[in-house]
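Below is one structure; the comments refer to it alone.
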Amino acid sequence: MKYWRKPLDFDELTIPHGIVHIIVDRCKGCGFCVEYCPKGVLEMSEEFNAKGYHPPKVVKEGECVNCNLCEMICPEFAIFSADASDNGSGTHSK
Amino acid sequence: MSKVAEQIPTEEMEHPVAPYLRMDRIPHIWCPTCGIGTVVRCYADALEHSKIDLDKVAIVSGIGCTGRVAGYMRLDAFHTTHGRAIPFATGLKLGRPELLVTVFSGDGDLVGIGGNHFIHAARRNLDILVILVNNFIYGMTGGQNAPTTPTTARTSTMPFGNFERPFNLPHLAESCGATYVARWTSLHIRRLTKSFREAISRKGFRFVEVIAPCATLYARLNKLGTGFNLMRFYHDNAVIDHGADTRDLDISFQDRIICGKFVDKERPTYSEMMHEHYRNALGDKFVPLPEEGGMIRDTGEKPDSKGKKPAKSQKRKASASKSSRK
Ligand code: SF4
Ligand code: SF4
């Protein structure tokens, strides 16, 4: 990752890791999550869901920083991220 | 290529917003790329972080696309007649002063059909939070011209372009006496959530306008693409200017949108002024409603909002603890 400035406590900082969960059949393929994910973790898939939309898929496994942006911007409540350190049992960063 | 996408098992995990929604009604009816769902998510997040007892929150909506919010949120809700969300909320707040009453509705409903109620609630400084989702058009009824439609924009009743002057809503709210006025777009998720949290913690007539894309009518009739293109447009054209003079906040067709928090002040609310007035006028004879709420004609039993609906609150607690929220 490129930094604008190196934080003084750089060595103590850990970058959070998240797991993205996609509720495929609820998605309406708007593409907001793909467009606004700061880490480019997602991409629209070629496949269809049951409603006939293209849901997103994870293309950079392990790069998610659990920022919840996709979760907040998704108008369909179809995607969310969870902390990877506790096997994704739904804990939120913040 | 045309394969059916597989649902990767999410280990029985439900979306973190689930405790705040009636999940049996999801998926909702809003169009793909409509912004209302995002606003609902931000409001639910603000409720979560305000740590407020959800049994003390009521939500009131009118008719329209945004009017469906009352039906989707797992809160005590009123889905009222067209334009009359604020009158219902007024009654609710006066009868049950302990509740946080949120009016969640659209531009056509709140300032078109119900415009009169809006200005008088602001004038009286009624203690309610008004969230107005502004998509510049009447969506559900077929794309008619709204009082917020920017001049020259096309609607189904103005096929050659709108020649009317639209409302500048933050200015309208401020000049009528609102104590908290902010405007965001559905792209500003973090700032919008923060604004909701702030507004929840304030008193008086609080007004948050959220500009949201309407793909099916506004964008289609004006050949602007979909809501996705409108989100990009907000990204490029939204200007954040906290404390800007509300007189300058007009929105022209496809022009810059000034966002921010414009008003945050204190003023005695309607109930406070009423109580003070009657206490002065009637002295000991004046019996106000208890602060913690209750019925005017008490039946002798202690009003107990928890015991009233055990099924619902237990369900919520169970699902909230399942997803072990921090
Ligand atoms: S949580 Fe943030 S980083 Fe992770 S996928 Fe969502 S938007 Fe991208
Ligand atoms: S934001 Fe939600 S509805 Fe839109 S593509 Fe992503 S998962 Fe699907």
Side-chain angles (χ1 to χ4, degrees), chain A residues 16 18-38 42-59 61 66-94, chain B residues 1-18 20-21 23 26-42 44-46 48-49 72 186-190 192-193 212-213 215 226-232 235 319-326:
Chain A
I19 298 178
V20 193
H21 297 269
I22 302 165
I23 304 165
V24 168
D25 284 342
R26 216 184 270 163
C27 168
K28 289 186 193 159
C30 68
F32 292 177
C33 54
V34 175
E35 172 84 1
Y36 292 107
C37 171
L42 303 161
E43 203 173 85
M44 294 316 272
S45 76
E46 296 274 284
E47 296 160 5
F48 292 101
N49 67 8
K51 284 194 272 197
Y53 294 105
H54 294 290
K57 64 172 187 230
V58 178
V59 286
E61 196 83 54
N66 195 21
C67 69
N68 301 74
L69 196 131
C70 52
E71 175 191 321
M72 295 297 291
I73 211 160
C74 173
E76 305 295 328
F77 319 115
I79 187 168
F80 60 98
S81 66
D83 195 346
S85 57
D86 53 20
N87 303 322
S89 63
T91 329
H92 276 240
S93 71
K94 264 181 268 186
Chain B
M1 187 198 139
S2 52
K3 236 174 68 194
V4 173
E6 240 174 78
Q7 171 75 64
I8 300 152
T10 49
E11 296 113 38
E12 300 282 300
M13 280 176 69
E14 194 30 295
H15 194 285
V17 78
Y20 299 86
L21 296 181
M23 292 312 284
I26 302 294
H28 54 62
I29 60 150
W30 296 312
C31 310
T33 73
C34 168
I36 302 172
T38 309
V39 185
V40 171
R41 177 70 190 96
C42 293
D45 197 66
E48 182 184 338
H49 285 92
Y72 290 130
S186 64
L187 179 69
H188 294 99
I189 41 175
R190 308 272 187 222
L192 178 63
T193 311
T226 65
F228 184 76
N229 303 76
L230 283 178
M231 290 290 258
R232 281 196 170 157
H235 181 266
S319 50
S321 58
K322 196 162 51 179
S323 55
S324 69
R325 319 169 67 79
K326 236 189 241 167

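Chain naming here is simple, since letters A, B, ... match the order of the sequence lines and numbering starts at 1 in each.
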Search all heavy atoms of [X] against all heavy atoms of [Y] and return the closest pair with its distance.
| X | Y | value |
| --- | --- | --- |
| A:Cys30 | B:Thr33 | CB-CG2, 3.5 Å |
| B:Arg190 | A:Asn68 | NH2-C, 4.1 Å |
| B:Cys34 | A:Pro75 | O-CB, 3.4 Å |
| A:Lys28 | B:Pro32 | O-CB, 3.6 Å |

Interatomic distance, [X] atom [atom1] to [Y] atom [atom2] [nearest 0.5 angstrom]:
| X | Y | atom1 | atom2 | value |
| --- | --- | --- | --- | --- |
| B:Asp45 | A:Glu71 | CG | CD | 7.5 Å |
| B:Tyr20 | A:Phe77 | OH | CZ | 13.0 Å |
| B:His15 | A:Glu76 | NE2 | CD | 10.5 Å |
| B:Arg41 | A:Ile73 | CZ | CD1 | 12.5 Å |

Contacting region of [X] [heavy-atom separation from chain A under 4.5 Å]:
| X | result |
| --- | --- |
| B:Cys42 | both |
| B:Ile36 | neither |
| B:Thr193 | side chain |
| B:Leu192 | neither |

Under 30°, 30 to 60°, or over 60°: which ring-plane class applies to B:Phe228 and A:Phe32, parallel, tilted or perpendicular?
parallel
